[in-house]
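So the structure is just underneath, and the comments pick up after that.
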Amino acid sequence: MKKEYVMGNGAIALGAMAAGVNVVAGYPGTPSSEIIETLAKYNNGDIHLEWSINEKSAMEVAASAAYTGARTLVTMKQVGLNVASDPLMSLAYVGVKGGMVIVSADDPGPISSQTEQDTRLFASFCKIPVFDPSSPEEAYEMIQDAFEYSEKYKTPVLFRPTTRVCHAYASIEVDEKVQVKQFEGFVKDSKKWVIFPRLSFANHAMIEQRNPEIGKDFSSYQYNQVSGTGKKAVFASGISYSYAMEYLKDFSDVKVVKISTPFPFPEDFVLKALGGVDDVLCFEELHPFIEEELLKLVGKHHLNVKVFGKHTGNVAQSGENSSESAVEVLSTFLNKDKNFTGIDLSDMPSLPMRPPVLCAGCPHRASFYAVKQAMKGQEAYFCGDIGCYTLGNAMPLDMVDTCLCMGAGITMAQGFHWTHPTGTSFAFVGDSTFFASGMTGVVNALYNEADMVLCVLDNSTTAMTGHQPHPGTGRNMMGDVVDKVSIQEVLSGMGVKKIETVDPLDHEKAVAVVKECAAEKGVKAIIFKSPCIAIVKSDKKMAVNEKCINCKKCIREIGCPALITVDGQVTIDKNLCTGCGLCSHICPVGAIGGACNE
């Protein structure tokens, strides 16, 4: 055994390796991305790793591998589970042979997501078990258990770490000698692996009988725990349990119940934990899942127990919990002093605001600005998408009118065309998102004869989630150099007749290309191609010279964080500047000089 100091996602990865995982597939999405990154670091080649083009593909790759008896892991964030839900719903009915664990990392807050959806509800909806770790250490052990339960009940299982578990760090004791599981291989049986209504009907009945058995099994699961005694009890799960214990560790007169397997609900364990309890507070994030399960259980057994939580207004309905909110909620419930630390924090200054912004030198800023200048004074609609370029909505660019979900910008632009035909509809999509969920929207536009301009912001990486490779980068997670999939050739093969590729940092040419495409009818595509400044470092800098009239047009037009004022005078922060030169195209008096090496 050896100790590793790792992030929660790293603990999940090492736990999966300890379980003998054979195949791992996923799609990058914060807060889950580092799981596969860690596996890539430790993999000796025995585990097949891949960044699939989207979550649905990842789920299906892992499913068939699990049919063979292999142990498989799928990783995504909570909104990715929506994309993978089609195969998951059917897979829950079909079942698996080898252990299959689906990590869906929830993002209370939300910190970097479109939604605050709760994966525990998906588990209940799919009728499959879910594990809810409260720390990186627990995640390491619990994911190994998840594989065991998956194989025992021949079902995929969900694993639900949240952001604060995924991104916390801890020392984990890991086995130095791990090896992949040996498995039998696929045994053909169309009555089992081919889903038909008759099979679905029979398996649905089987699932309804099986889940109460899993609930009984979970009632003796080691991570469902009770500590303390008293007439008041606090039920918690996930990271909320850790926050609660920070406050309650010195209160032995309060019963604390940790629910690590929210579905199927461990009724026997909970009924025993409720013995002698009058009042219960459910401290959990997002949906009042445990609270509602408790209310059902209390009603079912006619228990004289009052249940408090989100439904009673004792716990916030949205957002993430914290140590501070635990103090507020639990001290109120227990009638205790809120300032239990004895430290006066009343005069503590608030944290500075750090609004999200495109990096200095980001080529997406230049792409948006070229479109904005080309369409100045004209009716135009700008449909955004999920990625760094969502930040194009910020002032002063103000170039994202809509953002719904991955790939939606392309199809939404078509809706604007049909309702506002006098305007020009633009869809912005990143190179990774184009492969993940953008291609079907392009086919839809061609098939239905829409009029739109597709802008592919190709920065040669999946930037927002940590610079993972994708089919257009020429490498994969097994370390192989592979043929790049050309976005231009894909678009051409689909039937897009006009495709232009331009460097957005060549401002005049980029504006001219946008005007040309906007003037034509049909589906047109502009590939704005320039690498992410985080992966292609530059030692060039721009400088403001004596011609500057301090009009601040450069600052007002593009909002680059490297453009600042010092003592009221426009200047360039050389610590941030990458020498992209976009600002030099904006200055009306030519006061921003050409790039110089530092």
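Position 1 is the first residue of the sequence, and the numbers go up from there.
Under the 3.5 Å distance criterion, the side-chain polar atoms of Thr332 are matched with a main-chain donor or acceptor of Glu328. Formation of a donor-acceptor pair under 3.5 Å by the Asn9 side chain with backbone atoms of Ile35 is not found in this model. Under a 3.5 Å cut-off, the side chain of Glu137 and the backbone N or O of Ser171 do not form any donor-acceptor pair. With Glu4 contributing its side chain and Ile172 its backbone, the two residues share no donor-acceptor pair below 3.5 Å. For Ser124 (side chain) and Leu121 (main-chain N/O), no donor-acceptor pair under 3.5 Å exists by modelled atom type. A donor-acceptor pair under 3.5 Å is absent between the side-chain atoms of Asp279 and the main chain of Lys232, judged by distance alone. With hydrogens and angles ignored, the 3.5 Å screen pairs no side-chain donor or acceptor of Thr30 with any backbone N or O of Thr465. Not a single donor-acceptor pair under 3.5 Å links the side chain of Asp106 to the backbone N or O of Glu116. Between the side chain of Lys310 and the backbone N or O of Glu291 there is no donor-acceptor pair closer than 3.5 Å. Side-chain atoms of Thr433 do not come within 3.5 Å of backbone N or O of Ala436 as any donor-acceptor pair.
No side-chain donor from either of Thr461 and Asn459 sits under 3.5 Å from a side-chain acceptor of the other. For the residue pair Tyr27/Ser432, the side-chain donor-acceptor check at 3.5 Å is satisfied. Of the N and O atoms on the side chains of His287 and Glu292, at least one donor lies less than 3.5 Å from an acceptor on the other residue. No side-chain N or O of His48 forms a donor-acceptor pair with one of Asn22 less than 3.5 Å apart. Side-chain contact check for Glu148 and Tyr153: no donor-acceptor pair (N or O, by modelled atom type) lies under 3.5 Å. Under the 3.5 Å distance criterion, with hydrogens and angles disregarded, no donor-acceptor pair is assigned to the side chains of Glu34 and Thr38. When only modelled atom types and interatomic distance are considered, Asp132 and Thr261 share no side-chain donor-acceptor pair under 3.5 Å. Side-chain N/O atoms of Glu246 and Ser323 include a donor and acceptor closer than 3.5 Å. Asn54 and Ser57 share a side-chain donor-acceptor pair at under 3.5 Å.
Atom CG of Asn304 sits in a sparse spot, with 12 or fewer heavy atoms from other residues, nucleotides or ligands closer than 6.0 Å. Environment of CZ in Phe186: crowded, with over 12 heavy atoms of neighbouring residues, nucleotides or ligands closer than 6.0 Å. Around NZ of Lys154, the count of heavy atoms belonging to other residues, nucleotides or ligands within 6.0 Å does not exceed 12. Taking a 6.0 Å sphere around CD of Gln222, one finds it holds more than 12 heavy atoms contributed by other residues, nucleotides or ligands. The local environment of OH in Tyr42 is crowded, with over 12 non-hydrogen atoms from other residues, nucleotides or ligands closer than 6.0 Å.
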What verdict does the side-chain hydrogen bond (donor to acceptor under 3.5 Å, both in side chains) test give for Gln78 and Thr119, after you've listed the backbone C-alpha separation in whole Å, the side-chain angles of each residue and the deciding distance to 0.1 Å?
CA-CA 7 Å; Gln78 88 283 14; Thr119 290; over 6 Å; no

Stepwise side-chain hydrogen bond (donor to acceptor under 3.5 Å, both in side chains) test for Ser113 and Asp107
CA-CA 7 Å; Ser113 306; Asp107 187 23; 2.6 Å; yes

Could you go through the salt bridge (charged side-chain N to carboxylate O under 4.0 Å, His left out) check for Asp253 and Lys231 one step at a time?
CA-CA 8 Å; Asp253 59 337; Lys231 291 187 176 297; over 6 Å; no

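Considering Tyr223, Phe131, Phe159 as possible partners of Tyr149, the one that fulfils the ring pair (Phe, Tyr, Trp, His ring centres under 6.0 Å) test is Phe131. A side chain to side chain contact (heavy atoms under 4.5 Å, CB included) with Val280 is found for exactly one of Val234, Val257, Leu274, namely Leu274. Checking Val307, Leu281, Ile259 one by one against Phe235, the side chain to side chain contact (heavy atoms under 4.5 Å, CB included) holds for a single residue, Ile259.
The line from OG1 of Thr390 to CG of Leu358 is 9.5 Å long, rounded to the nearest 0.5 Å.
The two residues Asp385 and Met406 have their closest heavy-atom pair at OD1-CA, 3.2 Å. Heavy atoms only, all atoms of each residue included: Ser134 and Ile239 are closest at O-CD1, 3.8 Å. Between Ala244 and Leu330, the shortest heavy-atom contact is CA-CD1, 3.8 Å.
Using a cut-off of 4.0 Å between Lys/Arg side-chain N and Asp/Glu carboxylate O, Glu55 and Lys77 are scored as not salt-bridged. One finds a salt bridge joining Asp217 and Lys152 here, because a Lys/Arg side-chain nitrogen approaches an Asp/Glu carboxylate oxygen to under 4.0 Å. Salt-bridge formation is not detected for the pair Arg120/Glu285: no Lys NZ or Arg NE/NH1/NH2 atom is positioned less than 4.0 Å from an Asp or Glu carboxylate oxygen. Of the charged side-chain nitrogens involved, at least one lies within less than 4.0 Å of a carboxylate oxygen, so that Glu293 and Lys296 count as a salt-bridged pair.
Using cut-offs of 30° and 60° on the angle between ring planes, the pair Phe289 and Phe263 is perpendicular. Ring geometry for Tyr221 versus Phe218: interplanar angle of 30 to 60°, hence tilted.
Stacking of Lys97 on the aromatic ring of Tyr67 is not recorded, the 6.0 Å distance cut-off and the 45° axial limit not both being met.
The closest side-chain heavy-atom distance from Ile36 to Trp51 is below 4.5 Å. Proximity of Val96 to Leu91: side-chain heavy atoms (C-beta onward) are separated by under 4.5 Å at one or more points. You'll find the side chain of Ser237 stays beyond 4.5 Å of the side chain of Lys258, heavy atoms only. Considering only heavy atoms from C-beta on, Ile128 comes within 4.5 Å of Leu88 through its side chain.
Applying the ring pair (Phe, Tyr, Trp, His ring centres under 6.0 Å) test to Phe283 and every residue at least two apart in sequence or in another chain returns nothing. Among residues two or more places apart in sequence or in another chain, the salt bridge (Lys or Arg N to Asp or Glu O under 4.0 Å) test is passed with Glu173 by none.
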